[in-house]
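First comes the structure, then the notes that go with it.
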Amino acid sequence: MSLVGATRALLLLGRCAPSVKQNASKIVVKKLELDQNLLMYFHKDEVYYAHDPEQRCKTGDVVLIQELPEKLTTHITHQVLKVVYPLGDVTDPISNKKVAALRCGTVCYREDIEEIDNLYGLSKKRFNYDNAPKRGWQEDKKDFSHKKSYIKYHESGEEQPYSVPR
């Protein structure tokens with residue numbers, strides 16, 4: 001019995017990266033690899049191209065991908081099932097609470113920050129999650145992730161806003 005079949009996963013969770021392929025998204029999946037000499041695990045990134053014709057995922061989103069029964073092309077082997085967490089909007093999977101930040105290595109939830117502000121008083125102006133606009137409101141202003149990108153092969157001195165570095 002070989003271990004090759006046992007290590008393949010049908011569902012993978014990864015982060016969307018900038019891609020130059022049409023109808024596909026580049027997904028980076030973090031895995032742990034055992035070093036036999038040191039007997040320690042080290043991070044290893046694996047890149048998958050997932051079929052995404054509706055362009056549901058944007059750069060930075062955490063997405064769930066599934067292996068296709070047969071390859072579409074030599075590179076596209078998976079499909080995007082759903083966007084689990086949009087960029088900047090993380091939910092704790094155990095408590096189902098919205099995460100605001102990490103403070104001293106512990107998770108700080110949005111409602112906890114509101115309770116702290118009520119107890120001690122609002123000392124400074126903080127970000128208001130309730131009144132914040134949805135992601136995508138800065139398209140064509142500061143967010144160019146919806147534009148068609150291309151690989152930047154040379155430094156010509158002219159501005160290339162939609163290029164992806166090699």
Side-chain angles (χ1 to χ4, degrees), residues 1-35 40-103 105-113 127-152 161-166:
M1 183 172 166
S2 71
L3 292 175
V4 175
T7 59
R8 288 183 52 204
L10 295 176
L11 295 174
L12 296 169
L13 191 69
R15 187 171 298 275
C16 187
S19 174
V20 294
K21 296 202 178 298
Q22 296 293 326
N23 296 330
S25 295
K26 182 178 177 181
I27 309 297
V28 178
V29 177
K30 299 222 178 257
K31 292 188 176 185
L32 292 174
E33 187 176 83
L34 177 67
D35 186 340
M40 290 177 63
Y41 285 97
F42 292 97
H43 289 282
K44 179 185 175 191
D45 291 344
E46 290 193 9
V47 176
Y48 297 97
Y49 285 96
H51 185 59
D52 187 18
E54 298 95 28
Q55 301 294 323
R56 286 187 285 179
C57 58
K58 290 186 166 188
T59 302
D61 292 347
V62 176
V63 295
L64 185 67
I65 59 173
Q66 179 182 27
E67 189 176 15
L68 290 170
E70 59 183 48
K71 293 181 177 183
L72 288 179
T73 65
T74 56
H75 295 292
I76 301 174
T77 57
H78 290 73
Q79 68 177 350
V80 175
L81 285 183
K82 72 175 197 173
V83 176
V84 180
Y85 302 123
L87 178 67
D89 193 23
V90 178
T91 305
D92 183 15
I94 296 170
S95 64
N96 252 358
K97 295 179 181 178
K98 295 286 187 183
V99 176
L102 283 174
R103 288 190 181 169
T106 60
V107 176
C108 189
Y109 300 109
R110 292 181 187 174
E111 60 190 39
D112 295 343
I113 291 177
F127 185 76
N128 191 348
Y129 290 99
D130 297 329
N131 297 337
K134 291 264 185 209
R135 182 176 180 203
W137 71 277
Q138 286 193 333
E139 285 185 356
D140 289 328
K141 297 175 193 150
K142 291 185 180 179
D143 178 21
F144 299 104
S145 61
H146 66 288
K147 294 285 189 181
K148 181 181 174 184
S149 58
Y150 56 89
I151 296 175
K152 185 185 218 179
Y162 310 127
S163 65
V164 177
R166 285 200 280 173

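For clarity, every value in this text was computed on a predicted model and none was experimentally measured. Atoms considered below: every heavy atom in the structure, side chains included; atoms not considered: hydrogens, waters and symmetry mates. Throughout, numbering of the chain's residues begins at 1 and tracks the sequence.
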Item checked: Which atom of V80 lies closest to which atom of R56, heavy atoms considered -> O-NH2, 2.5 Å
Next item on the list: Measure across V29 and G14 and return the closest heavy-atom pair with its distance rounded to 0.1 Å.
Entry: CG2-CA, 4.2 Å
Notebook entry, point to check: Do H78 and I27 pass the side chain to side chain contact (heavy atoms under 4.5 Å, CB included) test, and can you show the C-alpha distance, the side-chain angles, and the key distance before you say yes or no?
Noted result: CA-CA 10 Å; H78 290 73; I27 309 297; over 6 Å; no
Next item on the list: State the CG-CZ distance between L34 and F42, to the nearest 0.5 angstrom.
Entry: 9.5 Å
Note to self: Keeping R15 on the side-chain end and V62 on the backbone end, is there a donor-acceptor pair under 3.5 Å?
What the structure shows: no
Notebook entry, point to check: With no hydrogens and no angle check, is any side-chain donor or acceptor of Y85 less than 3.5 Å from a backbone partner on T91?
Noted result: yes
Next item on the list: Report the residues that fulfil side chain to side chain contact (heavy atoms under 4.5 Å, CB included) with D92, sequence neighbours left out, ordered by chain and then residue number.
Entry: I94, S95, V99, Y109
Check: Nearest 0.5 Å, what's the NZ-CD1 distance between K82 and I65?
Finding: 14.5 Å
Note to self: Using every non-hydrogen atom in the two residues, find where H51 and I76 come nearest and quote the distance to one decimal.
What the structure shows: N-CG2, 3.7 Å
Check: What's the shortest heavy-atom distance between L87 and D61, and which atoms?
Finding: N-OD1, 2.8 Å
Notebook entry, point to check: Under 3.5 Å, is there a donor-acceptor pair between the side chain of R110 and the main chain of K97?
Noted result: no
Note to self: Looking at every heavy atom in both L11 and L64, which two are closest together, and how far apart are they?
What the structure shows: CB-CD1, 4.4 Å
Next item on the list: Working to the nearest 0.5 Å, report the span between CD of Q55 and OG of S25.
Entry: 5.5 Å
Next item on the list: Write down the atom of K58, the atom of C16, and the distance for their closest heavy-atom approach.
Entry: O-CB, 3.3 Å
Notebook entry, point to check: If you draw a 6.0 Å radius around NZ in K98, do more than 12 non-hydrogen atoms from other residues or ligands fall strictly inside?
Noted result: yes
Item checked: Nearest-0.5 Å distance, CG of residue L81 to CG of residue D52 -> 11.0 Å
Next item on the list: With rounding to the nearest 0.5 Å, note down the distance linking CD in Q79 to CD in E67.
Entry: 10.5 Å
